[in-house]
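Only one structure is covered here, and it is reproduced in the block below.
What you are looking at is a predicted structure, and each value in this text was computed from that prediction instead of being measured.
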Protein chains: 2
Amino acid sequence: MITKRMEDYLRVIYELKYYNGDIKIKDIAFKLNIKPSSVVEMLDRMKDLGLVKYEKRKRITLTKKGEEIAKSLKVKNESILKFLKLLGVPHNIAVEDAHKMEHILSKETLERIKDFILYVETCPKPIPNWLKNFRYFCKYKKLRCKC
Amino acid sequence: MITKRMEDYLRVIYELKYYNGDIKIKDIAFKLNIKPSSVVEMLDRMKDLGLVKYEKRKRITLTKKGEEIAKSLKVKNESILKFLKLLGVPHNIAVEDAHKMEHILSKETLERIKDFILYVETCPKPIPNWLKNFRYFCKYKKLRCKC
DNA sequence: GAAAATAAATAGTTTACCCTAAATTTTCTT
DNA sequence: AAGAAAATTTAGGGTAAACTATTTATTTTC
C-alpha cells in the first residue's frame with residue numbers, strides 16, 4: 001500500500017531529478033528533514049512496491065509507476081496551489097497547505113478546484129470583478145458590489 | 001503531542017456526548033471503525049495529555065482542554081464543509097474531505113475560506129450571480145457571463 | 001596509491017496506532 | 001440471585017516511520 005509518506009518521497013525524488021539530474025540519499029533526507037538512514041529504509045520499501053529502482057550505492061530512479069504517481073501529484077499540487085493563491089492565501093503558506101492537501105483531497109473536490117481556476121482564467125478580464133470584490137471583502141470585511 | 005488521530009477521537013467523543021449523553025468505548029470504536037481495545041489504549045494516552053478524564057470502567061469525559069480543542073475542530077469543520085459545498089462538492093464527499101482537511105489547514109487558509117463563505121452569505125441575493133455562473137461553468141465548461 | 005573525508009548501509013531502538021485472543025467486570029434475564 | 005450476554009480491559013503482536021551509533025564503500029586529496 002502506497003502511503004502519504006511515500007508520496008512525499010516520490011515528489012521529492014521527482015523534483016530532484018528535474019533540478020539536479022542525480023538523486024542522492026542525503027539530498028532526499030535533507031529535503032524531507034530526516035536522516036539518510038531513514039531514507040535508505042524507505043527506499044527499500046518503495047522498491048518492493050515497484051515505485052523506485054534502487055540497488056545499494058547505485059543510481060536511484062523512479063519506475064514508470066513511481067513517475068506516473070509523482071507526476072499526478074505534481075499536477076494536483078499545482079492546481080491546489082493556484083487555487084489557494086486565488087483565494088488570497090500568502091505564497092509560502094499556500095505551498096505548505098497544498099503539499100498537505102495533495103495527499104488527501106478526493107477527485108471530486110479536486111475537480112471543483114480545477115473548475116474554479118478555469119472559471120477565473122476563462123474570464124476575458126485578467127481578474128473577474130467578483131474576485132476583485134472578494135479580495136476587497138477579505139481586507140475590509142464589507143461588500144462593495146451588487147454581486 | 002496531540003496527534004491528528006487524537007483529534008479524530010476528540011471529535012467523535014464530543015459528538016457522542018452531544019447526541020448520546022453517555023460515551024461508550026464501543027461506540028467510539030464503531031465511529032472510528034477500529035476495535036475497542038485500541039480505543040482503551042488511546043484513551044490512556046489522551047488522559048496523560050490531559051485531554052480526557054478516564055478511569056477504568058468509569059464514565060469518560062473530556063477535560064476543559066479536550067473540549068476546547070474538540071469545539072474548535074467542529075467550528076473548523078463546519079466552515080470547510082460549507083465551503084466545499086459552495087464549490088459544488090457532493091455532500092458525502094464534502095464531509096469526508098472536510099474531516100481530513102480540518103487537521104491540516106493553516107489558519108490563514110481557514111481565514112480565506114471563512115471569508116469566502118461570508119462573502120457569499122453577505123450578498124443580498126440567496127446565491128450571487130458569479131456563483132451561479134460558476135455552477136453553470138462546472139456543468140457545461142463554458143461561461144455564460146461577462147464576469 | 002594510501003589516508004582522510006564523505007556517503008551510504010546496517011543494526012538495534014522508539015513511538016503511534018492498530019490487531020487478536022483471553023480475562024475480567026458489568027448488565028440483563030429469568 | 002445465578003447464569004448468560006455484553007462491554008471493557010489486558011497481554012502480546014505487528015507495521016510504518018523515524019532515530020542513533022556503527023560499519024562499509026567510495027571519493028578526494030596529498
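- Using a 4.0 Å cut-off, no side-chain N or O of B:Arg57 falls inside it from OP1 or OP2 of C:dT24.
- In this structure, B:Lys114 pairs ionically with B:Glu111, as a charged nitrogen and a carboxylate oxygen lie closer than 4.0 Å.
- Straight-line distance from the CE atom of A:Met42 to the P atom of D:dT15: 15 Å, rounded to whole Å.
- In this structure, A:Met6 places its CE atom 5 Å from P of D:dA17, rounding to the nearest Å.
- Residue whose closest nucleotide on DNA chain D sits further toward the 5' end, between A:Arg45 and B:Lys26: B:Lys26.
- Taking atom CG of residue B:Asp44 and atom P of nucleotide D:dA11, one finds them 12 Å apart after rounding to whole Å.
- For the pair B:Ser37 and C:dC18, the criterion of a side-chain N or O lying under 4.0 Å from OP1 or OP2 is not met.
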Could you please spell out the steps behind the salt bridge (Lys or Arg N to Asp or Glu O under 4.0 Å) verdict for A:Asp22 and A:Lys17?
CA-CA 6 Å; A:Asp22 230 34; A:Lys17 191 190 61 176; over 6 Å; no
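- When rounded to the nearest whole Å, the span between CE of B:Met46 and C1' of C:dT15 equals 17 Å.
- Among the nucleotides D:dT8, C:dA8, C:dC18, the one closest to the side chain of B:Lys24 is D:dT8.
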Taking it one step at a time, do A:His99 and A:Asp8 satisfy side-chain hydrogen bond (donor to acceptor under 3.5 Å, both in side chains)?
CA-CA 9 Å; A:His99 276 320; A:Asp8 286 335; over 6 Å; no
Using salt bridge (Lys or Arg N to Asp or Glu O under 4.0 Å), reason through A:Glu121 and A:Lys82 one step at a time and then give a plain yes or no.
CA-CA 11 Å; A:Glu121 288 182 347; A:Lys82 203 178 266 186; 3.4 Å; yes
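- Considering only side-chain atoms of B:Arg5, the nucleotide from C:dC18, D:dC19, D:dA17 that sits closest is C:dC18.
- In this structure, A:Lys35 atom NZ and C:dA7 atom C1' are separated by 15 Å, rounded to whole Å.
- Dashed line: the shortest gap from a side-chain N or O of B:Tyr54 to OP1 or OP2 of D:dT9 is under 4.0 Å.
- Within the structure, a side-chain polar atom (N or O) of B:Tyr9 is placed less than 4.0 Å from OP1 or OP2 of C:dC18.
- If you measure from atom CD1 of A:Ile2 to atom C1' of D:dA17, you get 17 Å, rounded to the nearest angstrom.
- Between B:Met1 atom CE and D:dA18 atom P there is a gap of 15 Å when expressed in whole angstrom units.
- A:Ile60 has its CD1 atom 7 Å from the P atom of C:dA8, to the nearest Å.
- The residue B:Ser38 sits close to a base: some heavy atom pair falls under 4.0 Å.
- A salt bridge links B:Glu102 to B:Arg11: at least one charged side-chain nitrogen sits closer than 4.0 Å to a carboxylate oxygen.
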